[in-house]
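In this text, all values refer to a predicted model and were calculated from it rather than measured experimentally. Throughout, protein chains are lettered first and strands after them, A, B, ... in sequence-line order, and every chain is numbered starting at 1.
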2 protein chains.
Amino acid sequence: MDTTDAITALTALAQMSRMETFRALVQHEPKGVPAGELARLIAIPQNTMSAHLAILARAGLVRGERRSRSIIYRADLARLREVATFLLKDCCGGRSEICAPLIAELTSCCTPGASK
Amino acid sequence: MDTTDAITALTALAQMSRMETFRALVQHEPKGVPAGELARLIAIPQNTMSAHLAILARAGLVRGERRSRSIIYRADLARLREVATFLLKDCCGGRSEICAPLIAELTSCCTPGASK
DNA sequence: TCCATATATCCAAAATGACGGATATACGTG
DNA sequence: CACGTATATCCGTCATTTTGGATATATGGA
């Protein structure tokens, strides 16, 4: 993931409807959600949602797979991880001490055995 | 940091000149860089840089402090951490198992005692 | 006060992005 | 093949963003 890829991904997420769409897809992992149902969930027209999904897909953040008449979209969590890692490399590169609090925060919120 | 704040921050970083500016500021922590020198570094006109810095500042990602005639800008790493955490909460919320690989990757790249 | 330096603001032009109606394409069913 | 459903593409409109010239504001020095 180079800088251009990262900017494409950030641009994709820097819009309310797309952010909501992506979050909905993350919550529905690993089942996925058909495009039409996403449009209803976010309450935007079908063609607008299709355009947003195309932008998210171009950024690598979602993938659509045809299942009969529907196209089921799924979030690509590995890609999200790449984006987050890219951002944090700006922070950690060469000076790991800066990110210790971040690691701690993430560990406490995201490790299976953690409470908070 | 709510969704609107996150989108403001993502929008601020989703532009090449601003991304380069922010990375330059991170690399110059904690000294900071005057606005004019930033413009020369990124090779854009002074007023354009000023506008970009205003956007980054509005997003909370940088802060400028007047020092004599210059205004020294610094990256706000805590804010960057908040943005990254926001993104990752989409991933980790309610299902921590998804983020275990991410934690591992971050730990290996960002923990003081780590090699890679 | 007058001048030079450093930065911000004003303004307008060009580019980009979001939106949604209308229509095309893909798929399954009868 | 004809029809209904699901999604994508086309296209015009409107709003936002980016950019940079000109100018205003702030600071320090003579």
Side-chain angles (χ1 to χ4, degrees), chain A residues 3-25 28 31-76, chain B residues 3-25 28 31-76:
Chain A
T3 305
T4 302
D5 293 335
I7 286 181
T8 301
L10 293 178
T11 302
L13 291 175
Q15 205 275 343
M16 190 58 78
S17 295
R18 286 195 296 267
M19 173 68 82
E20 292 177 9
T21 299
F22 184 73
R23 297 177 90 170
L25 286 176
H28 285 82
K31 275 182 63 179
V33 184
E37 190 177 330
L38 278 172
R40 281 190 296 275
L41 271 174
I42 311 298
I44 60 178
Q46 170 268 323
N47 54 353
T48 301
M49 174 56 78
S50 180
H52 284 321
L53 286 170
I55 290 171
L56 286 167
R58 201 152 33 82
L61 288 163
V62 308
R63 287 173 45 219
E65 187 188 358
R66 177 139 240 151
R67 190 135 60 200
S68 175
R69 262 175 289 191
S70 296
I71 296 185
I72 312 293
Y73 280 89
R74 289 190 50 188
D76 188 329
Chain B
T3 305
T4 302
D5 292 336
I7 286 181
T8 300
L10 294 178
T11 301
L13 291 176
Q15 204 276 342
M16 188 60 76
S17 296
R18 287 195 295 267
M19 173 67 82
E20 292 178 10
T21 299
F22 183 73
R23 298 176 89 171
L25 287 176
H28 286 80
K31 273 181 63 178
V33 185
E37 190 177 330
L38 277 173
R40 283 189 297 275
L41 272 174
I42 310 300
I44 61 178
Q46 170 269 324
N47 56 354
T48 301
M49 175 56 77
S50 181
H52 283 321
L53 286 170
I55 290 172
L56 285 167
R58 201 152 34 82
L61 288 163
V62 307
R63 286 173 44 220
E65 186 189 356
R66 175 142 241 149
R67 190 136 60 198
S68 175
R69 261 175 289 191
S70 297
I71 296 184
I72 311 294
Y73 279 90
R74 290 189 50 187
D76 188 329

- Protein-to-nucleotide contact annotation, 5' to 3' order, nucleotides 25-30 of chain D [B base; S sugar-phosphate only; - none; under 4.0 Å, heavy atom]: -SBS--
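- A heavy-atom distance below 4.5 Å is found between the side chains of B:Leu10 and A:Met19.
- The span of DNA chain C lying next to chain A, judged by atoms under 4.0 Å from heavy atoms, is bounded 5' to 3' by C:dA18 to C:dG28.
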Anything under 3.5 Å between a donor and an acceptor, one on a side chain of residues 55-73 of chain B, the other on a protein residue two or more places apart or in another chain? List them.
unit_1: B:Arg66; atom_1: NE; unit_2: B:Ser68; atom_2: O; d: 3.3
unit_1: B:Arg66; atom_1: NH2; unit_2: B:Arg69; atom_2: O; d: 3.4

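- With rounding to whole Å, A:Arg40 atom CZ is found 12 Å from D:dT5 atom P.
- Direction change of the helix axis from one end of the helix from C:dT1-D:dA30 to C:dG30-D:dC1 to the other is 20°, with five pairs defining each end axis (rounded to 10°).
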Report all side-chain donor-acceptor pairs from residues 35-52 of chain B shorter than 3.5 Å, counting only partners two or more places apart or in another chain.
unit_1: B:His52; atom_1: ND1; unit_2: B:Arg18; atom_2: NH1; d: 3.2

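- Across all strands shown, B:Ser70 has heavy atoms under 4.0 Å from sugar-phosphate atoms exclusively, and none from any base.
- Of the inter-residue distances, the one linking B:Phe22 atom CZ with B:Asp76 atom CG reads 8.0 Å to the nearest 0.5 angstrom.
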Are any protein N/O atoms closer than 3.5 Å to N/O atoms in nucleotides 19-21 of chain D? If there are, list each pair with its distance.
unit_1: D:dT19; atom_1: OP2; unit_2: B:Gln15; atom_2: NE2; d: 3.4
unit_1: D:dT19; atom_1: OP2; unit_2: B:His52; atom_2: NE2; d: 2.7
unit_1: D:dG20; atom_1: OP2; unit_2: B:Thr48; atom_2: OG1; d: 3.4
unit_1: D:dG21; atom_1: N7; unit_2: B:Asn47; atom_2: ND2; d: 2.5
unit_1: D:dG21; atom_1: O6; unit_2: B:Asn47; atom_2: ND2; d: 2.8

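- Partners of A:Arg23 according to the side chain to side chain donor-acceptor pair (under 3.5 Å) rule, which considers only residues two or more places apart in sequence or in another chain, are B:Thr3, B:Asp90.
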